[in-house]
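As the structure is a computational prediction, the values presented were derived from the model and not from experiment. All values below come from the heavy atoms of this structure, side chains included, with hydrogens, waters and symmetry mates left out.
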Amino acid sequence: MKLWKRNAIAAAIVLFVCGAVYLNWSYSQDTEAGKNLGEAALVGSQSDPLLEDGSTAETDGGETASTGEGSTYFSTARLNRQQARDNALSLLQEAAEDEKADQAAVDEANAAIQTMADYTMTEAQIENLITAKGYTDCVAFLGEDSISVVVSAMENGMTDSDAARIGEIVMEQTGLSADQIKIIEAE
């Protein structure tokens, strides 16, 4: 009975992680086809009061000028990552708080919660350090033994020195080796 519960918890976690990977893949396929999720056109308005920097989205013959088009991917990627983690976290918290669960299952759930918290902090540190080096935006996806870092497109494309600078930051923060790091330039 205890083994069944432990396996059910592990299966649920794997299911949520697979769902997050599928959503990320699905979104990247949509953006390659020219679709940008979350992008809306303002009708009959010259400015959006919700834009922080006071930018305007102007209409010209029914078309809307996109402001911050590149940042849409990064915002959506962070949102998808957070939603997947929140779902997994709620399942883990339920498992940890279950009065019928044995101590090993509770300890395993608590360890998984701590790991997720560590991943979240490490990803945030990496993203902040990379943007502090002058890159417009980035998002990091940390796994058990690998990391993927997506960096906003650069004017002249990503150079070897850019990749080395980003790789150095990631290696310093995670302890991973260069072959475990994937750096992708968003287009």
Side-chain angles (χ1 to χ4, degrees), residues 13 15-60 62-92 113 115-144 146-159 162-163 165-167 169-170 173-174 176 181-187:
I13 293 169
L15 180 66
F16 278 111
V17 170
C18 290
V21 169
Y22 171 76
L23 288 174
N24 192 22
W25 174 82
S26 174
Y27 175 73
S28 68
Q29 296 300 316
D30 287 345
T31 56
E32 288 173 8
K35 300 175 188 172
N36 287 324
L37 297 176
E39 193 171 287
L42 297 175
V43 179
S45 176
Q46 294 299 318
S47 66
D48 183 357
L50 298 178
L51 291 175
E52 293 177 17
D53 62 355
S55 301
T56 60
E58 298 178 359
T59 58
D60 182 24
E63 295 181 6
T64 302
S66 174
T67 58
E69 179 179 312
S71 65
T72 301
Y73 165 76
F74 295 101
S75 299
T76 305
R78 284 187 191 99
L79 179 64
N80 288 341
R81 178 182 66 190
Q82 188 60 43
Q83 287 174 340
R85 285 205 176 134
D86 288 346
N87 290 337
L89 183 61
S90 67
L91 283 176
L92 289 169
I113 290 170
T115 300
M116 285 175 45
D118 292 342
Y119 283 2
T120 301
M121 290 297 298
T122 303
E123 288 168 347
Q125 288 172 341
I126 290 168
E127 292 167 4
N128 289 333
L129 289 171
I130 291 173
T131 55
K133 289 289 185 177
Y135 299 96
T136 306
D137 205 353
C138 72
V139 63
F141 301 97
L142 182 59
E144 186 174 328
S146 66
I147 187 168
S148 296
V149 179
V150 182
V151 181
S152 61
M154 298 169 219
E155 280 185 30
N156 300 326
M158 184 179 292
T159 63
D162 289 323
R165 187 177 301 128
I166 293 167
I169 291 169
V170 173
Q173 295 299 312
T174 63
L176 295 172
I181 301 169
K182 184 174 183 179
I183 301 171
I184 304 162
E185 182 179 15
E187 296 179 5

Distance from [X] atom [atom1] to [Y] atom [atom2], nearest 0.5 Å?
X	Y	atom1	atom2	result
Leu92	Met116	CG	CE	6.0 Å
Ser148	Ile184	OG	CD1	5.0 Å
Arg85	Thr120	CZ	OG1	4.0 Å
Asp137	Ile130	CG	CD1	10.5 Å
Asn80	Phe141	CG	CZ	8.0 Å

Which heavy-atom pair separates [X] from [Y] by the least distance, and what is that distance?
X	Y	value
Ile183	Ala163	CD1-O, 3.4 Å
Ser152	Glu185	O-CG, 4.1 Å
Phe74	Ala186	CZ-CB, 4.0 Å
Tyr73	Val139	CE2-CG1, 4.1 Å

If we ignore hydrogens and angles and just use 3.5 Å, is the side chain of [X] paired with the main-chain N or O of [Y] as donor and acceptor?
X	Y	result
Gln173	Gln125	no
Thr122	Tyr119	no
Thr131	Asn128	yes

State, with a plain yes or no, whether a side-chain heavy atom of [X] is found less than 4.5 Å away from one of [Y].
X	Y	result
Met158	Ile166	yes
Leu176	Ile147	yes
Val149	Lys182	no

Is it the case that atom CE in Met121 sees more than 12 heavy atoms from other parts of the structure closer than 6.0 Å? no
Quick test of your reading of the model: are Arg78 and Glu123 salt-bridged, counting only N-O distances below 4.0 Å? no
Check this for me, if you would: do Glu127 and Arg81 make a salt bridge, where the nitrogen-to-carboxylate-oxygen distance has to be below 4.0 angstrom?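 Salt bridge: yes.
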Regarding Asp86 and Gln82, is there a side-chain donor-to-acceptor distance under 3.5 Å anywhere? yes
Have Thr159 and Asp162 got a donor and an acceptor in their side chains that come within less than 3.5 Å? yes
Leu91 and Ile13: CA distance, side-chain angles, deciding distance, side-chain contact (heavy atoms from CB on, under 4.5 Å) verdict: CA-CA 8 Å; Leu91 283 176; Ile13 293 169; 5.8 Å; no
